[in-house]
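So the structure is just underneath, and the comments pick up after that.
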Protein chains: 2
Amino acid sequence: MTAHLAGGDLNRLRQLNADSVIRVLRDEPPQTLTELSRRVGLSRASTEDVVQELLEVGWVAEVEPAAGGVGRPARRYRFRADAGHLLGVDIGGHKVLAVVTDLDGTVLHSRQVPVTPELGRSERLAATDRVIGRALRAAGLTGDRLWGAGVATTGLVDGTGRVMLSEALTEWTGVDLAGHLRDRVGGAVRVENDCKVAALAETWRGVARHASDMVFILAGWRTGAGLIIGGKLHRGFGNAAGEIGALPAAGWQRAPGHLRARPDQGDVFAAARAGDKTAMAALRRYVKDLAQGVSALVLTLDPELVVIGGGFSRSADVFLEPLRAELDRWCLRTPEIRVSTLADEGVALGAAKLALDMSSPQLRTRR
Amino acid sequence: MTAHLAGGDLNRLRQLNADSVIRVLRDEPPQTLTELSRRVGLSRASTEDVVQELLEVGWVAEVEPAAGGVGRPARRYRFRADAGHLLGVDIGGHKVLAVVTDLDGTVLHSRQVPVTPELGRSERLAATDRVIGRALRAAGLTGDRLWGAGVATTGLVDGTGRVMLSEALTEWTGVDLAGHLRDRVGGAVRVENDCKVAALAETWRGVARHASDMVFILAGWRTGAGLIIGGKLHRGFGNAAGEIGALPAAGWQRAPGHLRARPDQGDVFAAARAGDKTAMAALRRYVKDLAQGVSALVLTLDPELVVIGGGFSRSADVFLEPLRAELDRWCLRTPEIRVSTLADEGVALGAAKLALDMSSPQLRTRR
DNA sequence: GCAGTTATCAAGGACTCCATCTAAAGGCGT
DNA sequence: ACGCCTTTAGATGGAGTCCTTGATAACTGC
């Protein structure tokens, strides 16, 4: 029924504790053992034991002790983000982007190539290979040195890493992305929908770091959503969670059209910001439609936070307030709204997080 | 961030394992140690140890071994549902219902009194007290012998057991239900929205027993929803999850009205079943509106299952197929739809489950 | 009655966590 | 410079949990 944390083995207990230590160390500045033990809830002795093990495996490193203070100086430990590398790939309609990150989600190297939605399947795959190759070369890595790789793309993705349905990209439905990538990077590959991993990225390195219930809105020429529920990415039974846009009443199919239908093809956001009346009216209609779907998500889930990402998020200043006002009309409790700061790399970063989540459990301890 | 299963203590490991054993024993017919150990993933010896402990505390009991079969007959153990009792209370507009159940969710005693939505606060509370008293007397229990009590009512409920907002009941907003009940039954009381606990009941004793992602629809003169996500009840950050009905576009505010607006005030479902044209048309309009909101929930969450409960569920035969067809129009993947079989007691049963979830952890083991 | 099968029970070992104690390292006052 | 105080490091022994192994017990079928 639930993915219940079956107790089991003693080993498992140690793993859980090692997990806790790593989590604390990753979120906080370097800690002493005493601080750590208080944080994790273990005794000092056990904490020391765990840390010792993590040191040996390379997950944590020691930093020189802080000067000053009374008593014997305590050793301090930090998370070793450089212990491994992750590859995150974003295969979109207009660009393919690959990033190599450390375990903390810092982007070390980033490469992209422009593509078009009309590109054929094999050309898009070739572009992907090319970008991955460049990113890896820039990092001085080979595929098999990676801890894992994550791939994000538009459309519905099934559990085995195959694209079930993609409306935006030609010849993309049915492509076996996991299979294609597996040969190019060593071993572990996971594939997921781009909105979903963008949500993941926000909880990892973005503006939703401490939210356990969050709705991510991809606002761009496509509109989509990704959901974090109970601190975890919610995929849905058929991997189709967050697809509220399929409902006409949600307004998402129509929403971006309001912005496109302008006589001059300039930046509607800039025009609206400058006071252009027709641009402002178009934006109002966009927000009104967008808000329908967002309201549905918010009323359904009652999240702590809504994060706006996607291409339009860089212009969010002009529509954030109207959006908030529109949500106030419908929602019982309008959540806080934040704008993503991850820019173009959000999706690729989330893909890297996918890779991390997949790879960590095995490597956490000696055994 | 997440409510992470902090490892901690060795004791905790044993608790997790005891949990697993109990879960298996509750879901399955009496098991032998060998079967159990395979199920739980522990060695036979450890399983025996756990079971021994659970025997002493009273959570499990031995049944006489099965006859027949080769080899030494194995001892068999069953979950002792009669080890404790739970109280579940459903405070609605038209009735107040209290049930006393065993730990398995079997209703042992059930009492109810009719009320009206217009009843004042103190009268409704008095009716509640009366019903609880009767149910407890019938069970031969006093409040302090209960393992816990759960209360469900319409409206939004906050974390402390206070009704934040109730539109259907007069003088109900602001009432401190947990406080009121705490004096009458011993100790632990939890209060929750009725749709939410009805969903809980379906995963416990209803038709959603093995679904970890489920949407429960309360279909009646009010329409509401409760969500099970990842095997757990999803409350939302402000306890307002599932309130999609607040969105006009979802159609739920209007939906039941189609059924009420008939010239003769008979049973519209019976009439539709008999072929009455206007009744069928009204039902069609009802389903069309209902499906908008349900589609929004389904597209958002992509659940494994949708369960229809509430007053109309007993007439679901006449609108289940139309509903399914309507969902097919909007949803990418229409989930399985089942009809609740818990009848009037669903909400009260879910309230009892609330009580169980709250009370079990402490009492699980000796220490 | 005997072989075959399966379960119970006990003993020993490994691992994890904890409490406690001593040694070490630095600041501070005299 | 010296001892005192505070805090941490590191080591030891004990308790709890799980696992493996092997001896013993109970029942069936021939």
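Chain letters run A, B, ... following the sequence lines, proteins first, then strands; residues in each count from 1.
Along DNA chain C, the nucleotide nearest to A/Ser43 and the one nearest to B/Thr34 differ in position, and the one closer to the 5' end is contacted by B/Thr34. Checking A/Gly71 against A/Ser46, the closest nucleotide of DNA chain C that is more toward the 5' end is the one next to A/Ser46.
We find that CZ of A/Arg14 is positioned 10 Å from P of C/dC18, with the value rounded to whole Å. Distance A/Glu62 CD to D/dT8 P: 15 Å, rounded to the nearest Å. Rounded to whole angstrom, the span from the CG atom of A/Leu42 across to the P atom of C/dA19 amounts to 11 Å. Remark: P of C/dA11 and CG of B/Asp49 are 14 Å apart, rounded to the nearest angstrom. D/dT17 atom P lies 18 Å from atom CZ of A/Arg12, rounded to whole Å. The interatomic distance linking B/Leu36 (CG) with D/dC18 (P) rounds to 14 Å, in whole Å. Spacing between atom CZ of B/Arg76 and atom C1' of C/dA7 amounts to 14 Å, rounded to whole angstrom units. As rounded to whole Å, 12 Å separates atom P of D/dT17 from atom CG of B/Leu54.
Listed by chain and number, the residues in a side chain to side chain donor-acceptor pair (under 3.5 Å) with A/Glu304 amount to none (sequence neighbours excluded).
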Inset, instruction - Show the numbers, then the answer: is there a side chain to side chain donor-acceptor pair (under 3.5 Å) between B/Ser37 and B/Thr34? - result: CA-CA 5 Å; B/Ser37 76; B/Thr34 323; 5.9 Å; no

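Side-chain contact check for A/Asn239 versus A/Asn193: every heavy-atom pair is 4.5 Å or farther apart. When side chains are defined from C-beta on, B/Trp59 does not count as touching B/Val21, because their heavy atoms never get closer than 4.5 Å. Counting only heavy atoms from C-beta outward, the side chains of A/Val189 and A/Met358 never approach each other to under 4.5 Å.
The side chain of B/Pro73 lies closest to D/dA26, out of D/dT7, C/dT16, D/dA26.
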Please produce a list of atom pairs where a protein N or O lies less than 3.5 Å from an N or O of nucleotides 10-15 of chain D.
from: D/dG10; atom 1: OP1; to: A/Arg75; atom 2: NH2; distance (Å): 3.2
from: D/dG10; atom 1: OP2; to: A/Arg75; atom 2: NH1; distance (Å): 3.4

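Counting only N and O atoms by type, the side chains of A/Asp104 and A/Thr106 include no donor and acceptor under 3.5 Å apart.
For B/Asn11, no side-chain nitrogen or oxygen approaches OP1 or OP2 of D/dG16 to under 4.0 Å.
At least one donor-acceptor pair under 3.5 Å links the side chain of A/His234 to the backbone N or O of B/Leu301.
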